[in-house]
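Notes to accompany the following structure.
For this chain, numbers begin at 1 and follow the sequence in order. Please read these numbers as outputs of a predicted model, since none were measured by experiment. Hydrogens, waters and symmetry mates are skipped; everything else that's a heavy atom, side chains included, is used.
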Amino acid sequence: MAALGGVRWVTRALVAAPNPGAWRNLCTSAIAQAASRSQGEDVRVEGAFPVTMLPGDGVGPELMHAVKEVFKAASVPVEFQEHHLSEVQNMASEEKLEQVLSSMKENKVAIIGKIHTPMEYKGELASYDMRLRRKLDLFANVVHVKSLPGYKTRHNNLDLVIIREQTEGEYSSLEHESARGVIECLKIVTRTKSQRIAKFAFDYATKKGRGKVTAVHKANIMKLGDGLFLQCCEEVAELYPKIKFETMIIDNCCMQLVQNPYQFDVLVMPNLYGNIIDNLAAGLVGGAGVVPGESYSAEYAVFETGARHPFAQAVGRNIANPTAMLLSASNMLRHLNLEHHSNTIADAVKKVIKVGKVRTRDMGGYSTTTDFIKSVIGHLHPYGG
């Protein structure tokens, strides 16, 4: 119960949800789930934290296998309830989506792989991934971009956080052909959601002891849409006088990240910009294989890779880098107040990278995914404990 109380406090501090009743329900959910959940394929483990697992597409299942192997070796008290949702593997339907949503709503915590979105239009503009995030109101995506000791890149000792609003903006799925050969794609910006993500960013900076928040925008061109987002950020910034606030146009931000990323601390931005900057920043510290990510609503927390790629070309080749997913899983354990297990796994992953003997191809090595997993497990208990 103390652990679940810690979960409730952490997420409230980040999201500041106006409805405390939802949080009171959270503290008793783990007990209620054991009695109320219907019989399924998963083996129930008494005293374990129930977590929804969604492997996704591409190398997602291989990365989830890495998480399960490491968790097993570390005796992590987590019970994974695995579901499958994929538009490219013919495993997507309204029924499956509802099953995933039901599991996530019950467990409050999930770990997911990339659900690939086909480019072909088949009558539905919103992908299952987007619909999942909207139905759970996962409005805040957080990507902590941090250099890994022992792995040198063009810029070392980086430590910045990208916070992205991911329920509106350019990803609103509102497109139509207004005249033959003319497509209108609507970008939705609302005061309510802009204020919410701005407050989340400043609350995050306050809680994590960070000193600056930069709002990224294109208000010089989109004067009303991005202008509203920028105005909301400026209004919220006035409530946090101890945190420095800056603004930067998105194109300049891209250049500055490449030239001098050390000037940034916490960045907050609308949907599309966040997607682009997440990937750009991940490239600064080693690529999509090493950066963890997470998404929050007022009630739910979803852990994933920071740069979402299915890596379809690597499927079945045993070459995927599990670093990002393992670090994300470690962050999930910290969210569950399992600090010891979280630190044990994160430290093991970082030791493997720092030693440098076992590295996957994306990090310039020749080791397999299996080699990496075995090395991490070997570093879990270096003294035989």
Side-chain angles (χ1 to χ4, degrees), residues 11-19 22 126 129-144 160-175 184-208 210 212-254 257 264-278 280-281 293-302:
T11 316
R12 183 192 287 122
L14 286 173
V15 181
N19 178 17
D129 182 50
M130 290 167 61
R131 291 166 65 191
L132 184 68
R133 294 175 191 277
R134 285 183 196 160
K135 286 180 178 290
L136 295 174
D137 195 28
L138 295 169
F139 69 91
N141 178 243
V142 181
V143 176
H144 187 181
L160 57 94
V161 178
I162 301 160
I163 296 177
R164 163 193 178 191
E165 205 295 322
Q166 61 176 4
T167 59
E168 59 175 13
E170 296 85 354
Y171 292 20
S172 299
S173 303
L174 296 172
E175 300 180 75
E184 291 183 333
C185 179
L186 303 182
K187 171 177 176 173
I188 306 300
V189 181
T190 63
R191 174 174 291 276
T192 299
K193 292 189 175 183
S194 296
Q195 288 178 333
R196 181 171 66 169
I197 196 64
K199 188 177 189 306
F200 182 97
F202 278 93
D203 284 345
Y204 182 97
T206 300
K207 182 180 181 298
K208 300 294 185 179
R210 291 180 173 268
K212 182 170 73 170
V213 172
T214 302
V216 181
H217 65 93
K218 191 65 177 175
N220 58 322
I221 301 299
M222 288 171 275
K223 301 182 186 299
L224 298 182
D226 279 26
L228 176 59
F229 174 82
L230 183 59
Q231 179 186 349
C232 290
C233 289
E234 291 170 343
E235 292 171 355
V236 171
E238 293 179 0
L239 304 176
Y240 298 81
K242 294 183 179 180
I243 297 178
K244 185 178 180 181
F245 175 65
E246 293 182 350
T247 66
M248 189 172 290
I249 294 173
I250 177 63
D251 36 339
N252 184 34
C253 179
C254 291
L257 274 168
F264 297 108
D265 193 351
V266 175
L267 300 93
V268 61
M269 60 199 75
N271 210 334
L272 178 60
Y273 309 156
N275 196 352
I276 295 168
I277 295 299
D278 282 346
L280 190 159
E294 53 218 55
S295 294
Y296 294 99
S297 74
E299 295 185 71
Y300 314 114
V302 172

Nearest-0.5 Å distance that lies between atom [atom1] in [X] and atom [atom2] in [Y]:
X      : Y      : atom1 : atom2 : result
Ile197 : Tyr296 : CD1   : OH    : 12.0 Å
Ile249 : Tyr273 : CD1   : OH    : 10.0 Å
Glu184 : Leu174 : CD    : CG    : 11.5 Å
Met248 : Met269 : CE    : CE    : 10.5 Å
Leu257 : Phe264 : CG    : CZ    : 4.5 Å
Ile163 : His144 : CD1   : NE2   : 10.5 Å

Residues that Ala205 engages under side chain to side chain contact (heavy atoms under 4.5 Å, CB included), provided they are two or more places apart: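 Expected list: Arg210, Val213, Ile243, Val266.
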Residue list, side chain to side chain contact (heavy atoms under 4.5 Å, CB included) with Asp137, at least two apart or on another chain: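 By the side chain to side chain contact (heavy atoms under 4.5 Å, CB included) rule, Asp137 matches Phe139, Thr167, Arg196, Ser297.
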Is the shortest side-chain heavy-atom distance between [X] and [Y] below 4.5 Å?
X      : Y      : value
Leu267 : Cys253 : yes
Lys242 : Thr206 : no
Glu234 : Leu230 : yes
Phe202 : Leu239 : no
Ile250 : Leu272 : no
Glu165 : Ser194 : no
Lys218 : Asn220 : yes
Val236 : Phe245 : no

Contacts of type side-chain hydrogen bond (donor to acceptor under 3.5 Å, both in side chains), residue [X], not counting sequence neighbours:
X      : value
Lys223 : none
Thr247 : none
Gln195 : none

Heavy-atom donor-acceptor pair, Glu168 side chain to Thr190 backbone, under 3.5 Å: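 Yes: the side chain of Glu168 pairs with the backbone of Thr190.
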Check: Asn141 side chain, Glu294 main-chain N or O, donor-acceptor pair, under 3.5 Å: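 At least one qualifying donor-acceptor pair exists.
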Taking every non-hydrogen atom, the tightest pair across Val189 and Gly225: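 Answer, listing the atom of Val189 first, then Gly225: CG1-O, 3.4 Å.
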Nearest atoms (heavy-atom pairs only) where Cys254 meets Ile277: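 What the structure gives for the nearest pair is SG-CD1, 3.7 Å.
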Set of ring-ring contact (aromatic ring centres under 6.0 Å, His included) partners for Tyr171, sequence neighbours left out: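 Listed in chain order: nothing, the list is empty.
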NZ/Lys212: more than 12 non-hydrogen atoms of other groups inside 6.0 Å: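 Correct, the count exceeds 12.
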side-chain contact (heavy atoms from CB on, under 4.5 Å) assessment of Arg134 paired with Ser173: CA-CA 11 Å; Arg134 285 183 196 160; Ser173 303; 3.0 Å; yes
Asn271: which of Arg164, Gln166, Glu170 passes side-chain hydrogen bond (donor to acceptor under 3.5 Å, both in side chains):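 Answer after filtering Arg164, Gln166, Glu170: Arg164.
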